[in-house]
Participant: 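Sharing a structure, written as structure tokens. Questions coming.
Remember, it's 1-based here, ligands and their atoms both numbered in the order they're listed. This structure is a prediction, so every number in the text was calculated from the model and none was measured.
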Amino acid sequence: MKKYILGIESSCDDTSAAVVENNKILANVIANQEVHRKYGGVVPELASRAHQQNIIPVVEAALKKAAIEKKQLSAIAFTRGPGLLGSLLVGTSFSKSFALSLGIPLIEVDHMQAHILAHFIQTDELNNNSPTFPFLCLTISGGHTQIVRVDTYQDMTLLGKTIDDAAGEAFDKAAKIMGLPYPGGPEIDKLAKVGDANRFTFPKPKMPELDYSFSGLKTSFLYFVRDELKKNPDFIQQNTNDLCASIQKVIIDTLMDKLVIAAKKTGIKEIAIAGGVSANSEMRNRLLEIGKKSGWQVYIPELQFTTDNAAMIAIAGYYKFLNNEFSDQRVVPYARSIG
Ligand code: KG4
Ligand code: ZN
């Protein structure tokens with residue numbers, strides 16, 4: 001029996017709506033909010049307002065693209081958290097009202113779990129290269145950095161996490177120091193391609209077990225650049241590519257070191273990456289390289305499903321639907337991860 005789930009994502013600065021037919025994606029529409037670019041980061045109040053403006057047109061576009069009437073929908077899945085509260089409230093309120101008016105179930109989805117479940121999105125009948133349980137997922141985004149053991153679609157255990165900045169934040173802050181536009185990750189990725197990653201060295205953050213820390217790295221990058229600028233005011237312009245390649249290298253080295261330890265510790269060789277930073281071309285290459293050496297089966301999401309999107313919310317909602325996991329109308333968003 002075919003189920004049609006509408007997914008709604010509004011946790012940060014992308015308003016997105018998607019429709020899945022069971023686990024197959026029919027539409028995934030994303031409205032990026034350009035308004036934040038000139039501020040060098042997401043401005044929460046502007047994000048909430050933009051979501052409010054975008055949500056109805058984005059949902060209409062997704063239904064149209066999927067060629068689905070709203071009365072055909074089986075359920076509405078939405079991001080409950082973590083994220084910016086004002087942004088989450090827009091998606092949550094819209095989803096509650098829409099589900100109520102259509103008389104269909106409401107399904108809350110955790111944004112970080114959804115990033116992981118993006119690996120189960122089918123784009124056509126032939127594409128079914130999804131990880132098998134149990135697998136490890138390195139989830140790297142603008143707000144989180146986690147190593148998660150995934151035993152089922154719902155049963156996930158956090159093995160390690162960042163105690164301060166996320167990997168995406170490290171990219172974004174380093175980019176800001178160099179005067180590059182927001183979001184900095186994709187900019188650094190692009191500029192690093194022709195840079196020398198061994199030109200400058202930055203100390204790898206040292207953390208026990210499987211945890212991460214990136215705020216010290218940002219500070220040492222800031223001090224290094226500041227000191228060099230005193231000697232040469234054109235230091236950044238003359239060395240942008242090498243700076244990008246070098247900072248990218250230390251971030252990726254740090255991420256991969258812990259992932260290797262986690263794989264050894266758990267004996268799991270099914271390894272996935274997810275979240276915005278998994279779009280990074282060098283990160284993808286390194287995972288393939290280390291995976292080959294270590295005998296891992298690696299899973300790298302399609303680019304369109306790495307950064308925030310509602311397709312991952314819809315797919316996570318589909319698996320909850322199969323499990324009869326529904327939310328009631330009193331559900332409220334959460335800004336920080338629970339559990
Ligand atoms: O998953 P995501 O879209 O949003 C959150 O849930 O946070 O991740 C956004 C983060 C930003 O920090 C952005 O700079 C980073 O992902 N990012 C990248 C790349 N594309 C996006 N970082 C490095 N290389 C990229 N190509
Ligand atoms: Zn995200």
Participant: In terms of atom number and element, which parts of ligand 1 are under 4.0 angstrom from non-hydrogen atoms of H115?
Facilitator: 1 (O), 6 (O)
Participant: Among all protein heavy atoms, pick out the one at the shortest distance from atom 22 (N) of ligand 1; state its residue, atom name and that distance to 0.1 Å.
Facilitator: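 Sorting protein heavy atoms by distance from atom 22 (N) of ligand 1 puts G185 CA, 3.3 Å first.
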Participant: Please report which non-hydrogen protein atom sits nearest to atom 7 (O) of ligand 1, along with the residue it belongs to and the distance in Å to one decimal place.
Facilitator: G142 N, 2.8 Å
Participant: Yes or no on salt bridge (charged side-chain N to carboxylate O under 4.0 Å, His left out) for K231 and D227, after CA distance, side-chain angles and deciding distance?
Facilitator: CA-CA 7 Å; K231 293 182 251 168; D227 292 347; over 6 Å; no
Participant: Any N/O of P183 closer than 3.5 Å to an N/O of ligand 1?
Facilitator: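 By distance alone, the answer is no.
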Participant: Find all atoms of ligand 1 within a distance of less than 4.0 Å from any non-hydrogen atom belonging to T307, and give their numbers and elements.
Facilitator: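 So the answer, numbered in order with elements, is 3 (O), 21 (C).
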Participant: Looking only at N, O or S atoms, which one in H115 sits nearest to the Zn ion (ligand 2)?
Facilitator: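 Distance check against the Zn ion (ligand 2) picks out NE2 in H115.
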Participant: Nearest non-hydrogen contact with atom 15 (C) of ligand 1 belongs to which option: N309, V277, L303?
Facilitator: V277
Participant: Please report which non-hydrogen protein atom sits nearest to atom 13 (C) of ligand 1, along with the residue it belongs to and the distance in Å to one decimal place.
Facilitator: D172 OD1, 3.8 Å
Participant: Among protein heavy atoms, which sits nearest to atom 17 (N) of ligand 1, and what does the distance come to when rounded to 0.1 Å?
Facilitator: G276 O, 3.5 Å
Participant: Considering heavy atoms of the protein only, find what lies nearest to atom 26 (N) of ligand 1 and give residue, atom and distance to 0.1 Å.
Facilitator: D189 OD2, 2.9 Å
Participant: For residues D165 and S215, is any side-chain donor paired with an opposing acceptor at under 3.5 Å?
Facilitator: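 No, no side-chain donor-acceptor pair sits under 3.5 Å.
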Participant: Determine whether the side chains of S281 and D189 contain a donor N or O and an acceptor N or O closer than 3.5 Å.
Facilitator: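 Distance-only check passes for S281 and D189.
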Participant: For ligand 1, which atoms sit closer than 4.0 Å to a heavy atom of G143?
Facilitator: 7 (O)
Participant: What protein heavy atom sits nearest atom 24 (N) of ligand 1, and how far away is it?
Facilitator: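 Ranking protein heavy atoms by distance from atom 24 (N) of ligand 1, first comes N280 ND2, 3.0 Å.
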Participant: So is G275 polar-close to ligand 1, meaning N/O to N/O under 3.5 Å?
Facilitator: no
Participant: Does one side chain, of S130 or H119, offer a donor that lies under 3.5 Å from an acceptor on the other?
Facilitator: no
Participant: After noting the C-alpha distance and the side-chain angles of F235 and F200, does the key distance pass the ring-ring contact (aromatic ring centres under 6.0 Å, His included) rule?
Facilitator: CA-CA 13 Å; F235 176 74; F200 307 111; 5.8 Å; yes
Participant: Any idea which protein heavy atom is nearest atom 2 (P) of ligand 1, and the distance to it?
Facilitator: D308 OD1, 3.3 Å
Participant: Show the atoms of ligand 1 that are less than 4.0 angstrom away from any heavy atom in G168.
Facilitator: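 The list of qualifying atoms is 12 (O).
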Participant: Is the closest N or O pair between S281 and ligand 1 shorter than 3.5 Å?
Facilitator: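 Looking only at distances, the answer is no, because the N/O contact criterion of under 3.5 Å is not met.
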Participant: Please name the atom of D308, limited to N, O or S, that comes nearest to the Zn ion (ligand 2).
Facilitator: OD1
Participant: For the Zn ion (ligand 2), decide whether H111 has an N, O or S atom at a distance under 2.8 Å.
Facilitator: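 True for H111.
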Participant: Select the closest option to atom 6 (O) of ligand 1 among E9, E282, E169, H111, judged by heavy-atom distance.
Facilitator: H111
Participant: Check contact between K190 and ligand 1, using heavy atoms of the residue and a distance below 4.0 angstrom.
Facilitator: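 Distance cut 4.0 Å: K190 fails for ligand 1.
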Participant: Tell me yes or no: between the side chains of N239 and R199, is some donor less than 3.5 Å from an acceptor?
Facilitator: yes
Participant: With a 3.5 Å cut-off and sequence neighbours excluded, list the donor-acceptor pairs that the side chains of residues 56-65 form with protein atoms.
Facilitator:
none

